Structures are given as C-alpha cells and as structure tokens.
Protein chains: 2
Amino acid sequence: MTLPSTDHLTLTNVNALNAPALVRTGLGDQIRQVLIDGITSGRLQPGERIVERRIAVELGVSQAPVREALRQLEALRLVETVPNRGARVREFTEEDFAEFFPVRAGLEETAADLAVSRLAGRVEVFDGHIERLAAAEGPHVMRHSIAFHREIVEAAGNRLLRSVWESLGIEIWTTLSVRRHHTELCGKTAEHIEIADAFRRQDPRVGRLLHDHVMKYAP
Amino acid sequence: MTLPSTDHLTLTNVNALNAPALVRTGLGDQIRQVLIDGITSGRLQPGERIVERRIAVELGVSQAPVREALRQLEALRLVETVPNRGARVREFTEEDFAEFFPVRAGLEETAADLAVSRLAGRVEVFDGHIERLAAAEGPHVMRHSIAFHREIVEAAGNRLLRSVWESLGIEIWTTLSVRRHHTELCGKTAEHIEIADAFRRQDPRVGRLLHDHVMKYAP
DNA sequence: GCGTGACCTATGATCGATCATTGATCGCCT
DNA sequence: AGGCGATCAATGATCGATCATAGGTCACGC
C-alpha cells in the first residue's frame with residue numbers, strides 16, 4: 001500500500017491573503033480524510049490492517065492524531081476495531097448496505113414530517129438543488145442528489161436529527177452502494193420534483209413519499 | 001468539584017475465579033462513566049469547564065484517556081467542545097429535549113416496522129420485560145421501560161439501527177428529561193402491553209403506535 | 001479614555017517513549 | 001504427534017513532556 005506523501009498534510013494553500021476559509025483543521029481530521037480517500041479509492045483494501053504507528057510514520061505525524069482519525073472512521077463504520085488488537089478496513093457485506101437504507105429512509109421520513117409544517121409550502125430552498133441536479137452529470141449527480149436530501153433534513157430544524165443523519169456517512173455509504181450495485185440514478189430527478197411538490201402543497205404523505213424514494217436506492 | 005477518589009479506577013472486583021465478565025475495559029471508558037456520573041449527579045454543573053489535565057490529575061491518569069472520554073461525551077451531546085478551547089458541560093436547553101424525542105420516536109417507528117415481520121407474532125421476548133416493568137418501582141421503572149424499547153430495536157435485526165439508537169444516549173437523555181419535566185410514568189405499562197399486542201397480531205400500525213407512545217414522554 | 005500591540009498564562013494538540021496485551025513461536029514432555 | 005507452558009515480537013494503550021493557540025493583561029501613544 002502506498003499512501004500519498006506527507007505533502008498532503010502540509011498546510012494546504014499557503015495563499016497570500018485571500019483565503020476565505022483557512023484550512024484550520026486539526027491533524028486528526030486531515031488524516032481521517034486521507035484514510036477515507038484510501039478506502040474509497042481502493043488503495044486500502046477491505047480486511048487490510050491499519051496499523052497506527054505505520055500510518056503515523058508514513059504521514060510524518062505521531063500516533064495520537066492517527067488514533068483519533070481511526071475512532072472517527074469507526075463511527076462511520078468504515079473500519080472495525082478490536083480492543084488491544086487494532087483496526088482493519090471493513091469488509092462491506094450485502095447486509096451492511098441492506099441495513100443502511102431503511103435507517104436513512106426512516107430518518108428522512110422523520111425529517112420530512114417535521115419539515116412540512118416548518119416550511120409551510122415555502123419550497124424555494126429546493127429549487128436550486130433540483131436545477132443543479134438536472135444539469136449534473138456523472139459523479140456530480142450523486143453529490144447534488146444528496147445535497148437535496150440534506151436540505152430536507154436541514155429544513156426539519158432539528159439539530160440532533162441533522163447530526164444523526166450526517167453520522168451515517170450518507171455520502172460515502174450511498175456512493176459505495178451505488179457503485180457496487182450499479183444502481184440506476186436516472187429518473188431520480190423526476191422524483192425529487194415530485195417530492196418538492198408534495199412539500200409545496202404540504203401533503204402529509206411527503207414523509208412516506210421520501211421514505212419510499214430513498215428505499216429505491218437500496219440493493 | 002470533587003471527583004471520586006482514584007479507587008474508582010482500580011480493577012473492579014479482584015474476585016477469585018468466579019468472575020463471569022472481568023471488567024476488561026480501557027481507562028477511557030471508565031473515565032467516561034465517572035464523568036457521566038458527575039454530570040447526572042449534578043457534581044459537574046452545566047457550563048462548567050472540563051479541563052483535560054485537571055481531570056487527569058484528579059483520577060491519577062494521563063491526558064490521553066481523558067481526551068478519549070471527552071470525545072465520547074461529545075458524541076452523547078453531554079459536553080460541547082470548541083477546537084483549541086476545550087470542553088464544558090452542556091447547558092441542557094428545552095430545545096435539546098424537544099429535539100430528542102422526535103428522533104427517538106422516528107427510529108423506534110422504523111424499528112417496529114422492521115420487527116413486525118421479523119417477529120411474525122412471536123412476542124414472547126417482550127413478556128419478561130412487561131412483567132418486570134409492572135413489578136418495578138421508582139427509578140427502576142425507567143430502566144425496565146427502556147429495556148422493553150431496546151428489545152424492540154433489537155428485534156428489528158438491524159445492527160446499524162441498533163447502534164444509532166444507542167448512540168442517542170437513550171437512558172441518559174430520557175432520564176434527564178423525565179427528571180426535569182416531572183413526566184408522568186404511570187400508565188405507560190398499559191401502553192407497553194398494547195404495543196406487544198399489536199406485535200402479536202402483526203398490526204401494521206404498530207410503528208405509528210410506538211412512535212406516538214414515545215412522544216408521550218416528550219415535554 | 002481608548003485603541004494597539006507586546007507579552008503572559010492556561011490549556012488543547014501533538015509528540016516521542018514506555019507499558020501491557022495479544023497472538024505466534026518454540027521446545028519440552030507424554 | 002499432540003498438548004502445554006515459556007518466550008518473543010508486534011502493536012495498541014497510556015504516559016510525561018513539548019508545541020501552539022486563544023484570551024487576558026498591561027504599558028504605551030494618540
């Protein structure tokens with residue numbers, strides 16, 4: 001396995017006074033991203049051990065931030081750890097994907113039910129997402145689609161719900177699932193419009209509608 | 001603030017050869033429990049800073065496991081941390097409690113819907129819980145009630161759902177809410193029986209039933 | 001008086017080193 | 001051969017020390 005050189009960790013863009021958001025993030029978060037990239041790109045194979053000190057050396061950091069990153073990956077269910085025995089990249093089973101979508105669908109159903117009354121028909125927030133989704137191609141489709149769903153969760157106005165939803169690792173797991181099962185993504189735009197319409201007329205069935213929509217991604 | 005003496009961390013029960021489950025837990029987990037106890041008991045007041053090194057000294061450990069414990073408390077939303085500025089006990093707002101129950105209710109609704117078909121009417125698993133709940137008094141009521149709900153989540157057979165449900169910190173947050181709002185707990189036994197019955201006859205409305213039941217705990 | 005910037009302190013973030021657990025290996029005995 | 005305990009290497013868990021950042025303080029100049 002070859003991880004990218006240490007340069008990936010050096011202060012990204014040492015730009016001169018026009019940085020809108022100075023990457024002011026701790027090492028742990030950066031390492032997490034490196035490992036996530038490694039897993040999604042296949043550089044880190046399922047079942048492969050992730051040895052804390054080896055990663056630390058390869059990235060030119062100490063063991064502590066690597067541990068922290070591993071804990072985050074564990075929360076995302078991308079690695080599994082055994083106490084005193086370390087972490088390894090998870091084998092993603094069919095069961096994992098089968099379990100993912102009912103939970104995601106349930107959360108979004110809850111979100112939709114909460115959002116309906118809160119939005120009170122004001123669905124302009126969705127317009128941009130739908131337009132961008134319609135215009136998107138390739139891997140961007142997934143990103144914009146998720147942005148639309150995230151907007152719904154946001155609209156529920158429940159920070160806990162939002163945080164739980166994010167903690168599922170929606171992007172990664174949906175991407176992994178679609179990639180593995182060759183899920184058809186076309187036609188989803190129409191459903192998004194349908195869902196937005198349901199919000200517009202405050203249809204009480206919008207929760208169920210969204211739930212069923214999400215389940216169509218399931219294997 | 002006075003934390004319990006270090007003894008709380010020494011290997012619990014050095015019993016002689018009849019230990020069913022030797023407390024083989026890392027320092028981080030033990031420290032987390034100490035801090036949780038501190039928060040629920042009021043020894044640690046909302047808004048109070050939790051300084052890593054201070055706790056470490058008081059418990060006779062180093063900074064690392066304390067940090068780890070704090071991360072767990074953050075995940076349970078019992079403390080809030082600002083990067084480079086440390087952690088403090090959260091101020092539990094009404095909004096926190098108001099947000100908690102819809103999420104819990106939604107998850108359990110999902111669980112119930114999944115469990116109905118899986119149980120196929122075999123609801124014996126609930127009997128013991130209902131009996132113990134009926135016989136319980138005082139603080140035990142809450143514990144047994146949650147055990148019943150946990151059994152439903154378990155019965156859904158979805159490990160991710162189970163893990164997300166547990167990550168809400170059901171016990172703590174429900175306890176905190178009931179304590180603060182003096183929620184009436186009597187009569188909940190009857191509803192549990194009703195829910196078990198719905199499972200028995202595989203009533204498709206059991207999800208909604210459970211959802212509404214949970215929401216009755218809400219402020 | 002008040003804005004400014006050089007210090008200063010507290011403390012989180014990170015490091016390098018050590019401790020402790022685990023599974024593997026090896027030799028011995030039956 | 002096979003079981004069994006001693007020994008060993010690998011590595012997670014923990015430690016003690018250092019680095020770096022966020023606020024606070026205070027003297028200075030306007």
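The model shown is predicted, which means the values in this text are computed figures rather than measured ones. Computation of the quantities below employed the complete heavy-atom set of this structure, encompassing side-chain atoms and omitting hydrogens, waters and symmetry-equivalent molecules. Residue numbering restarts at 1 for every chain, and letters A, B, ... go by the order of the sequence lines.
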How many whole angstroms separate atom [atom1] of [X] from atom [atom2] of [N]?
{"X": "B:Arg32", "N": "D:dA13", "atom1": "CZ", "atom2": "P", "result": "14 Å"}
{"X": "B:Glu58", "N": "C:dT11", "atom1": "CD", "atom2": "P", "result": "12 Å"}
{"X": "B:Gln30", "N": "D:dT14", "atom1": "CD", "atom2": "C1'", "result": "13 Å"}
{"X": "B:Gln63", "N": "D:dC19", "atom1": "CD", "atom2": "C1'", "result": "12 Å"}
{"X": "B:Ile55", "N": "C:dG12", "atom1": "CD1", "atom2": "P", "result": "10 Å"}
{"X": "A:Leu59", "N": "C:dT14", "atom1": "CG", "atom2": "P", "result": "13 Å"}
{"X": "A:Asn84", "N": "C:dG23", "atom1": "CG", "atom2": "P", "result": "9 Å"}
{"X": "B:Glu52", "N": "C:dC15", "atom1": "CD", "atom2": "P", "result": "15 Å"}

- request: Hey, can you tell me if B:Phe92 and B:Phe97 have their rings parallel, tilted or perpendicular (30° and 60° cut-offs)?
  value: tilted
- prompt: Using 30° and 60° as the class limits, which term best fits the ring planes of A:His144 and A:His140: parallel, tilted or perpendicular?
  reply: tilted
Salt bridge (charged side-chain N to carboxylate O under 4.0 Å, His left out) involving B:Arg32 - partner list, sequence neighbours excluded: B:Asp29
- request: Would you indicate, yes or no, if C:dG23 has its OP1 or OP2 atom less than 4.0 angstrom from a side-chain nitrogen or oxygen of A:Arg85?
  value: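 Affirmative; the distance criterion is met.
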- prompt: Between A:Ser62 and C:dC15, is there a side-chain N or O to OP1/OP2 distance below 4.0 Å?
  reply: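 The answer is yes; a side-chain N or O of A:Ser62 sits under 4.0 Å from OP1 or OP2.
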query: How far does CG of B:Leu168 sit from CG of A:Leu160, to the nearest 0.5 angstrom?
result: 5.5 Å
Please pick, from [options], the nucleotide with the shortest atom-to-atom distance to any side-chain atom of [X].
{"X": "B:Arg49", "options": "D:dG16, C:dC15, C:dT11", "value": "C:dT11"}
{"X": "A:Ala64", "options": "D:dC15, D:dG12, C:dC15", "value": "C:dC15"}
{"X": "B:Leu27", "options": "C:dG12, D:dC15, C:dT14", "value": "D:dC15"}

- request: Any pair with a residue in residues 100-110 of chain A that passes side chain to side chain donor-acceptor pair (under 3.5 Å), sequence neighbours left out, goes on the list, sorted by first then second residue, please.
  value: A:Arg104-A:Glu108, A:Arg104-A:His149, A:Arg104-A:Thr174, A:Glu108-A:His149, A:Glu108-A:Trp165, A:Glu109-A:Arg208
task: Using a cut-off of strictly less than 4.0 Å between a heavy atom of the residue and any atom of DNA chain D, enumerate the qualifying residues of residues 66-80 of chain B by number.
output: none
Check: B:Gln63 side chain, B:Glu52 main-chain N or O, donor-acceptor pair, under 3.5 Å: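 Here the side-chain-to-backbone pair does not exist.
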message: Both B:Arg53 and A:Ala87 contact DNA chain D. Taking the nearest nucleotide for each, which residue is further toward the 5' end?
response: A:Ala87
message: Using the rule side chain to side chain contact (heavy atoms under 4.5 Å, CB included), only one of B:Leu35, B:Ile50, B:Leu44 pairs with B:Val79; which is it?
response: B:Ile50
